[in-house]
J.: 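A single structure is presented below for examination.
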Amino acid sequence: MVGKGEAAAAPAHHKEEEHEEEGEMVGVVKLISAEGFEFVIDKKAAMVSNTLRNMLTSPGGFAETREGEVRFPEISTAILEKICQYFYWSLHYASGKETAEFPIEPEITLELMMAANYLDT
């Protein structure tokens, strides 16, 4: 995960290239918060969200599919950052072989739950 102003895994003008590698989609996707902060994350991590999965893989030429970026005008930077952290946490612990608690600060719980509900994570 990389924020604006930091070294990104792909240039800002990057068009998402979809490749199949052992049945998994590879590449990056850019998630943009309400304040315009950009998070460049692995596409595999973004696929933790069923909503993002549908946006990025649906046929029909949707802008999100073509450009590999999704704007969230209702999700703040702090919440989107926590969601990106959760995507990677979920990937790491999905096998169930090891477990760890995902830390959530009490003051962001409600806003995070609303965003997670929208993203179907």
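These numbers were taken from a predicted model, which means no experiment stands behind them.
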J.: Say you draw a straight line from CD1 of Ile75 to CD of Glu81; how long is it, rounded to the nearest 0.5 Å?
T.: 13.5 Å

J.: Given the rule in the side-chain contact (heavy atoms from CB on, under 4.5 Å) test, do Val70 and Phe72 qualify, once you have shown the distances and angles that lead to the verdict?
T.: CA-CA 7 Å; Val70 182; Phe72 296 102; 3.5 Å; yes

J.: With side chains defined as the heavy atoms from C-beta onward, is the minimum distance between Tyr88 and Val48 less than 4.5 Å?
T.: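 With C-beta onward as the side chain, the pair stays apart.
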
J.: Can you give me the closest heavy-atom contact between Ile41 and Phe87, atom names plus distance?
T.: CD1-CD1, 3.8 Å

J.: Output every pair passing salt bridge (charged side-chain N to carboxylate O under 4.0 Å, His left out) with a member in residues 94-103, not counting sequence neighbours, ordered by first then second residue.
T.: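 Residue pairs passing salt bridge (charged side-chain N to carboxylate O under 4.0 Å, His left out), neighbours aside: none found.
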
J.: Drop me the distance from Glu38's CD to Leu80's CG, to the nearest 0.5 angstrom.
T.: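 Answer rounded to 0.5 Å: 11.0 Å.
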
J.: Rounded to the nearest 0.5 Å, what separates atom OG1 in Thr77 from atom CD in Glu35?
T.: 3.5 Å

J.: Please confirm whether the backbone N or O of Asn54 pairs with a side-chain atom of Ser58, one donor and one acceptor, at under 3.5 Å?
T.: yes

J.: Can you get from Met47 to Ile32 by hopping between Ile, Leu, Val, Met, Phe, Trp and Tyr side chains that sit under 4.5 Å apart?
T.: no

J.: Under the side-chain contact (heavy atoms from CB on, under 4.5 Å) rule, what do Ile83 and Phe39 come out as? Steps first, then yes or no, please.
T.: CA-CA 10 Å; Ile83 288 167; Phe39 295 91; over 6 Å; no

J.: For Gly68 and Leu56, which heavy atoms make the closest approach, and how far apart are they?
T.: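 Minimum heavy-atom separation between Gly68 and Leu56: CA-CD2, 4.5 Å.
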
J.: Can you see which heavy atom on Ser33 is nearest to which on Ser76, and at what distance?
T.: CB-C, 3.9 Å

J.: Salt bridge (Lys or Arg N to Asp or Glu O under 4.0 Å) between Lys82 and Glu105: does it pass, once the steps are laid out?
T.: CA-CA 10 Å; Lys82 195 67 168 179; Glu105 297 78 18; 3.4 Å; yes

J.: With the 4.5 Å side-chain cut-off for hydrophobic clustering, are Ile104 and Leu110 part of the same group?
T.: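 Different hydrophobic clusters.
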
J.: Checking Thr109 side chain against Pro106 main chain: does a donor-acceptor pair fall under 3.5 Å?
T.: yes

J.: Would a distance-only check, ignoring hydrogens and angles, find a side-chain to backbone donor-acceptor pair under 3.5 Å from Tyr86 to Ala116?
T.: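 The answer is no, because no donor-acceptor pair under 3.5 Å joins these two groups.
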
J.: Provide the full list of side chain to side chain donor-acceptor pair (under 3.5 Å) pairs with a residue in residues 112-121, sequence neighbours left out, each pair given once.
T.: Asn50-Asp120

J.: Using modelled atom types only, decide if a donor and an acceptor are shared between the side chain of Thr65 and the backbone of Met55 within a distance under 3.5 Å.
T.: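 Looks like yes, one N/O pair under 3.5 Å.
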
J.: Let me confirm one number: the CD1-CD1 distance from Ile108 to Ile79, rounded to the nearest 0.5 Å.
T.: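 Going from CD1 on Ile108 over to CD1 on Ile79, the span is 4.5 Å.
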
J.: Is the shortest distance from a Lys or Arg side-chain nitrogen in Glu69 or Arg71 to a carboxylate oxygen in the other one below 4.0 Å?
T.: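 Yes, Glu69 and Arg71 are salt-bridged.
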
J.: Evaluate Val29 against Leu52 for side-chain contact (heavy atoms from CB on, under 4.5 Å), listing each step before the verdict.
T.: CA-CA 10 Å; Val29 65; Leu52 286 175; over 6 Å; no

J.: Are Tyr93 and Leu91 connected into the same hydrophobic cluster when the rule is that any two of I, L, V, M, F, W, Y join if their side-chain heavy atoms are below 4.5 Å apart?
T.: yes

